[in-house]
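Data block below; observations after.
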Amino acid sequence: MYKLYWSPGSAAMAPHAILEDIGVPYELIRLDTAKGEQHSSDYLKLNPHGRVPTLVYDGEWVVYEATAICLFLTERHPEVGLAPNLGSRDRAPFLQWMAYLTNTVQEALMHRWQSEQFIDGVDHQAELKRKAEQRLAGMFRFIDEHLAKSGPYLCGARLYACDYYAVMLARWTLALTRPAQTNPHVNRLIRAVLERPGYARMLKAEEIEQPV
Ligand SMILES: N[C@@H](CCC(=O)N[C@@H](CS)C(=O)NCC(=O)O)C(=O)O
């Protein structure tokens with residue numbers, strides 16, 4: 001039914017965990033991004049941006065962008081309960097968190113990890129990385145304060161795909177001066193997500209760990 005193009009520890013983590021929770025058969029196609037396999041002509045036909053993840057569904061249909069894949073899969077398999085019903089009260093914060101995590105937190109992580117794509121010159125890149133770390137620390141502090149007031153999950157009482165997404169991004173901060181998990185309520189969220197069977201199986205399949 002589905003094919004997911006992925007690489008370990010990448011933005012494919014959240015879609016991969018959701019596929020595990022859904023429990024339908026799917027195929028994983030691993031790309032070695034260090035070797036540039038994401039730029040092969042065959043893969044560029046699927047995803048012209050040359051990035052992972054990409055999902056192929058119903059044989060020939062293609063969707064890329066991790067958030068879009070998460071939203072599509074959770075809508076298609078509502079029985080898994082990883083997204084609030086369309087129009088329900090939780091739906092608005094769910095969409096808000098998916099958007100914030102993608103267009104703000106993930107973007108700052110790109111500044112931190114791929115600064116050379118944004119600015120030339122090692123000094124400018126070092127400054128961009130420093131600023132990105134500072135901004136990321138503030139973003140995860142903001143998320144922590146939100147969880148303290150309105151948690152334990154991002155949308156309150158129920159865990160959804162946005163929590164998987166946040167925990168995936170938290171993993172990308174492990175090497176930063178102030179990793180996301182140093183925030184107590186974010187730390188609790190990470191631990192809760194690590195106990196989810198789909199997320200745990202995804203980590204195992206990708207042969208990666210998420211220390212807390
Ligand atoms: N906005 C995209 C970003 C995906 C992305 O940055 N993927 C990285 C891995 S986390 C990638 O494919 N990097 C390889 C490259 O840029 O050549 C998404 O969320 O799907």
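Counting convention: from 1, in listed order, for ligands and their atoms alike. What you see is a predicted model; the values in this text were computed from it and never measured.
Legend: residues meeting side chain to side chain donor-acceptor pair (under 3.5 Å) with H77, ordered by chain and number and at least two apart, are Y2, E79.
Aromatic ring orientation, Y5 versus Y43: tilted (interplanar angle from 30° to 60°).
Protein residues lining ligand 1, listed by chain and number: S10, A11, Q38, H39, G50, R51, V52, P53, E65, A66, Q106, M110, Y165 [non-hydrogen atoms, distance under 4.0 Å].
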Extract all donor-acceptor atom pairs below 3.5 Å that involve side chains of residues 155-166 and protein atoms in other chains or at least two apart in sequence.
| from | atom 1 | to | atom 2 | distance (Å) |
| --- | --- | --- | --- | --- |
| Y160 | OH | D90 | OD2 | 2.8 |
| D163 | OD1 | L154 | N | 2.9 |
| D163 | OD2 | Y160 | N | 2.9 |
| Y164 | OH | D21 | OD2 | 2.4 |
| Y164 | OH | R196 | NE | 2.9 |
| Y164 | OH | R196 | NH2 | 3.4 |
| Y165 | OH | T67 | OG1 | 3.4 |
| Y165 | OH | Q106 | OE1 | 2.6 |

* From CA spacing to verdict: side-chain contact (heavy atoms from CB on, under 4.5 Å), F140, V105 -> CA-CA 9 Å; F140 278 102; V105 184; 3.9 Å; yes
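Among residues at least two apart or in separate chains, ring pair (Phe, Tyr, Trp, His ring centres under 6.0 Å) pairs with a member in residues 100-128 are W97-Y100, Y100-F142, H111-F118.
The number of heavy atoms from other shown groups lying within 6.0 Å of CD (E209) does not exceed 12.
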